[in-house]
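Just dropping this structure here.
The structure displayed is predicted, hence computed values, not measured ones. Sequence lines set the chain letters: A, B, ... in the order given, protein chains first and strands last, and positions in each chain run from 1.
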4 protein chains.
Amino acid sequence: MTDLELLARADAIAERAYAPYSTFLVGVAVLARDGVVIEGVNVENGAYPLGVCAEKNAISTAITQGYRPGEFEAIAINASPCGGCRQWLAEMGFERVTFRNRGEVVTMTVAELLPESFELAD
Amino acid sequence: MTDLELLARADAIAERAYAPYSTFLVGVAVLARDGVVIEGVNVENGAYPLGVCAEKNAISTAITQGYRPGEFEAIAINASPCGGCRQWLAEMGFERVTFRNRGEVVTMTVAELLPESFELAD
Amino acid sequence: MTDLELLARADAIAERAYAPYSTFLVGVAVLARDGVVIEGVNVENGAYPLGVCAEKNAISTAITQGYRPGEFEAIAINASPCGGCRQWLAEMGFERVTFRNRGEVVTMTVAELLPESFELAD
Amino acid sequence: MTDLELLARADAIAERAYAPYSTFLVGVAVLARDGVVIEGVNVENGAYPLGVCAEKNAISTAITQGYRPGEFEAIAINASPCGGCRQWLAEMGFERVTFRNRGEVVTMTVAELLPESFELAD
């Protein structure tokens, strides 16, 4: 599956978002290394800081299915990932991140999206 | 499906949690009104405040599948839900919440778990 | 200082809130056991889940000043605290919580606001 | 005040952190354009995702004092800021970010720390 095909999946699922407060519908598609695609959307809450972004939704769904960090290859998002989600992409070890921003489709590595990120001491 | 059967599902899925920081494995099972069960686990992050609780994981997975607030009947959790997750249960309109706390199994309504909660003006 | 005087402080500070997305201005006043009052407001972010509630703002300001859990007596809020903030009130050991909800002023304990809350094993 | 002097303030305040779960003490010092310094520390919660990072603490304290986005010049942190906090730095319009990472002191712009960030439609 190409990054653009993955992005088409993200675009399509976005309509499932529960975003009555921002009305900003975000869709995500995660490609695991075994070829499986897992989708997610943003889910907002009346107490705004309690909401969950689409990236976290898709990844936590995958974790529930049994996937672990290091088993993800690519993710596509119909918008630029917020900083909080970039931290998740770092934790989970994604190779490529494709998203729409200001009318363009961009593909970057996590190291490019979140440079100089911290590493927890082992 | 009984609340105790739902709790058994929550207990079983907890081992899938990604909780390397707290080592506290939480499992959740949501029962939708159509009889479908959706599971979730907690997913932590090295930046602790960015983690996602098991309840939010299960519910956001269900939202991605197409479920909406008002279509959920019951939820079971292998631990007492934090306040943040209680706010989600209120937003989503659950009828019953079953969980383990201090060695007992408890079933309560959301109104009991989160009394005097705010309502957004329509 | 009475709970109603504390609530008046919460009402007054609310105008400092940075809430361009919800336009919902929340103000909080915390009364420490030594008589000092610490204020807070909600601070939102374009990525909604990254926002900080007014209660967390006031309490974290107090922590920076040197206060610790157990050194807080009362808190007043110009709205009902969300579940996430109730969990903070539990962690910090407040005695009384006063807030406006549906046109009334309510004073409750944290145990009433967050019944059956979890306790971390020691 | 130089960036290194600001970092010294961040280093010093870190001991006030309430971090019983991670034992990772983070300190922050914000320099407003009028020369005032506002400090913050991380405040954790037993429900990990409900914690507040030191950057958010310092900035929300400043907002309560009356500062607005665009009125901040520099921030210093005794550790690399997580992605969620980088999103706050973008919202607040900081010019310079100084922090310790892997034994080095780094100063970067927000655009470097969070490239290709989203902009909300006006």
- Query: Any side-chain heavy atom of C/Val97 within less than 4.5 Å of one from C/Leu89?
  - Reply: yes
- Message: Taking side-chain hydrogen bond (donor to acceptor under 3.5 Å, both in side chains) as the definition, give me every residue that meets it alongside D/Ser117, ordered by chain and number, with sequence neighbours left out.
- Response: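 For D/Ser117, no residue satisfies side-chain hydrogen bond (donor to acceptor under 3.5 Å, both in side chains) once neighbours in sequence are set aside.
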- Less than 4.5 Å apart, any side-chain heavy atom of C/Val43 and any of C/Asn57? yes
- Query: Are side-chain heavy atoms of D/Ile13 and D/Val28 found at a separation under 4.5 Å?
  - Reply: no
- If you count heavy-atom pairs under 4.5 Å with chain C, which of D/Pro69, D/Ala58, D/Cys53 comes out on top? D/Pro69
- Message: At a 4.5 Å cut-off on heavy atoms, which part of D/Glu15 comes close to chain C: side chain, backbone, both, or neither?
- Response: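 Contact with chain C involves no heavy atom of D/Glu15 at all.
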- Looking at OG1 of D/Thr109 and CZ of D/Arg96, how far apart are the two atoms once the value is rounded to the nearest 0.5 Å? 11.5 Å
- Could you look at C/Leu50 and say if it's the side chain, the backbone, both or neither that has a heavy atom under 4.5 Å from chain D? both
- Task: Write out, in numerical order, the residues from residues 59-68 of chain D with a heavy atom short of 4.5 Å from a heavy atom in chain C.
- Result: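 D/Ser60, D/Thr61, D/Ile63, D/Thr64, D/Gln65, D/Gly66, D/Arg68 fall under the 4.5 Å cut-off.
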- Query: Hey, are the side chains of C/Met1 and C/Arg9 touching, using non-hydrogen atoms and a 4.5 Å cut-off?
  - Reply: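 Sidechains of C/Arg9 and C/Met1: in contact.
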- Query: Can you tell which of C/Asn42, C/Asn45, C/Val41 has the highest number of heavy-atom pairs within less than 4.5 Å of chain D?
  - Reply: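 Heavy-atom pairs under 4.5 Å are most numerous for C/Asn45.
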- Message: Please classify the contact between C/Ala54 and chain D as side chain, backbone, both or neither, with a heavy-atom cut-off of under 4.5 Å.
- Response: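 No part of C/Ala54 comes within 4.5 Å of chain D.
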- Query: Is there a side-chain contact between D/Phe99 and D/Leu113 (heavy atoms, below 4.5 Å)?
  - Reply: yes
- Would you say D/Leu114 and D/Gln87 make side-chain contact, with heavy atoms under 4.5 Å?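 Side-chain contact under 4.5 Å: yes.
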- Side chain from CB out, backbone as N, CA, C, O: work out which of these in D/Ala17 comes under 4.5 Å of a heavy atom of chain C, or both, or neither. backbone
- Message: Are the side chains of D/Arg100 and D/Asp11 in contact, using a 4.5 Å heavy-atom criterion?
- Response: yes
